[in-house]
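Being a predicted model, the structure only gives us computed values, none of them experimental.
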Amino acid sequence: IMGVPFYIRVWEQNEDENGKVTLTSKAYSMEYVKELISEKGAAVVWDEVSGQYYAEFTEGTGKFMIWVEDERSIDLKISLAHKYKLAGAAAWKRGLETEGIWEVFNRNLKTIQNYFEWKDLADING
């Protein structure tokens with residue numbers, strides 16, 4: 001079974017006066033991160049390598065970096081259950097997801113029968 005996250009980490013990078021860089025993160029719900037990105041006016045771009053949207057913004061001395069989990073990224077991750085013939089997918093932590101995630105789970109694990117079917121649908125839907 002493949003595990004997928006329902007949380008999103010917001011990473012903060014800071015550099016002190018001596019040039020020492022620190023990196024910390026906190027986990028948030030998908031909905032909170034959507035609101036945060038909107039509030040901060042952060043540009044969101046699709047990152048082909050990670051299969052996720054990426055956003056960043058600066059505030060004070062911190063640079064904030066976010067790899068966004070959403071319906072599209074979760075869809076890509078769950079497709080791997082078919083591709084590698086896994087038993088299914090599980091997620092952590094319930095309550096942090098957006099409502100549309102459940103349709104992605106249902107479609108991928110109950111409706112679509114194999115990776116090639118998923119791939120064909122992905123190609124059609126762009």
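- Under the 4.5 Å side-chain heavy-atom criterion for ILVMFWY residues, no single connected hydrophobic cluster contains both F64 and V45.
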For residues 78-87, which side-chain N or O atoms pair as donor and acceptor with protein atoms under 3.5 Å away, sequence neighbours left out?
| from | atom 1 | to | atom 2 | distance (Å) |
| --- | --- | --- | --- | --- |
| S79 | OG | L76 | O | 2.6 |
| H82 | NE2 | N108 | O | 2.5 |
| H82 | NE2 | I112 | O | 3.4 |

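- A side-chain hydrogen bond (donor to acceptor under 3.5 Å, both in side chains) check over residues 53-63, counting only residues at least two apart or in different chains, returns the pairs N14-T61, K40-E59, Y53-R72, Y54-E56.
- When hydrophobic clusters are built by joining Ile, Leu, Val, Met, Phe, Trp and Tyr residues whose side-chain heavy atoms come closer than 4.5 Å, directly or via intermediates, W11 is not grouped with V68.
- Contacts of E48 classified as side-chain hydrogen bond (donor to acceptor under 3.5 Å, both in side chains), with partners at least two apart in sequence or in another chain: W46.
- Sorted by first and then second residue, the side-chain hydrogen bond (donor to acceptor under 3.5 Å, both in side chains) pairs with a member in residues 21-34 read R9-S25; sequence neighbours excluded.
- Cluster membership check: V4 shares its hydrophobic cluster with Y7, using side-chain heavy-atom separations under 4.5 Å among Ile, Leu, Val, Met, Phe, Trp and Tyr.
- Nearest approach of D75 to W118, heavy atoms of both residues: OD1-NE1, 3.0 Å.
- In this structure, V44 and A55 approach most closely via the heavy-atom pair CG2-CB, 4.0 Å.
- Partners of N18 by side-chain contact (heavy atoms from CB on, under 4.5 Å), not counting sequence neighbours, listed by chain and number: D16.
- The cluster map of Ile, Leu, Val, Met, Phe, Trp and Tyr, joined by side-chain heavy atoms under 4.5 Å apart, puts I8 and F57 in the same cluster.
- Take D70 and apply the salt bridge (charged side-chain N to carboxylate O under 4.0 Å, His left out) test, not counting sequence neighbours, and it matches no residue.
- Every residue meeting the side-chain contact (heavy atoms from CB on, under 4.5 Å) condition with V49, not counting sequence neighbours, appears here in chain and number order: D47.
- In terms of heavy-atom proximity, P5 sits nearest to I74 at O-CD1, 3.4 Å.
- The main-chain N or O of E35 is never found under 3.5 Å from a side-chain atom of E39 such that the two would form a donor-acceptor pair.
- M2 CE to K77 NZ: the interatomic distance, rounded to the nearest 0.5 Å, is 9.0 Å.
- Applying the side-chain hydrogen bond (donor to acceptor under 3.5 Å, both in side chains) test to residues at least two apart or on different chains, the pairs with a partner in residues 93-105 are E71-T98, E97-W102.
- Closest approach of S73 and G51 over heavy atoms only: CB-O, 3.3 Å.
- Note: the hydrophobic cluster containing V10 does not contain M65 (ILVMFWY, side chain heavy atoms under 4.5 Å, direct or indirect links).
- The shortest distance between side-chain heavy atoms of I101 and M30 falls below 4.5 Å.
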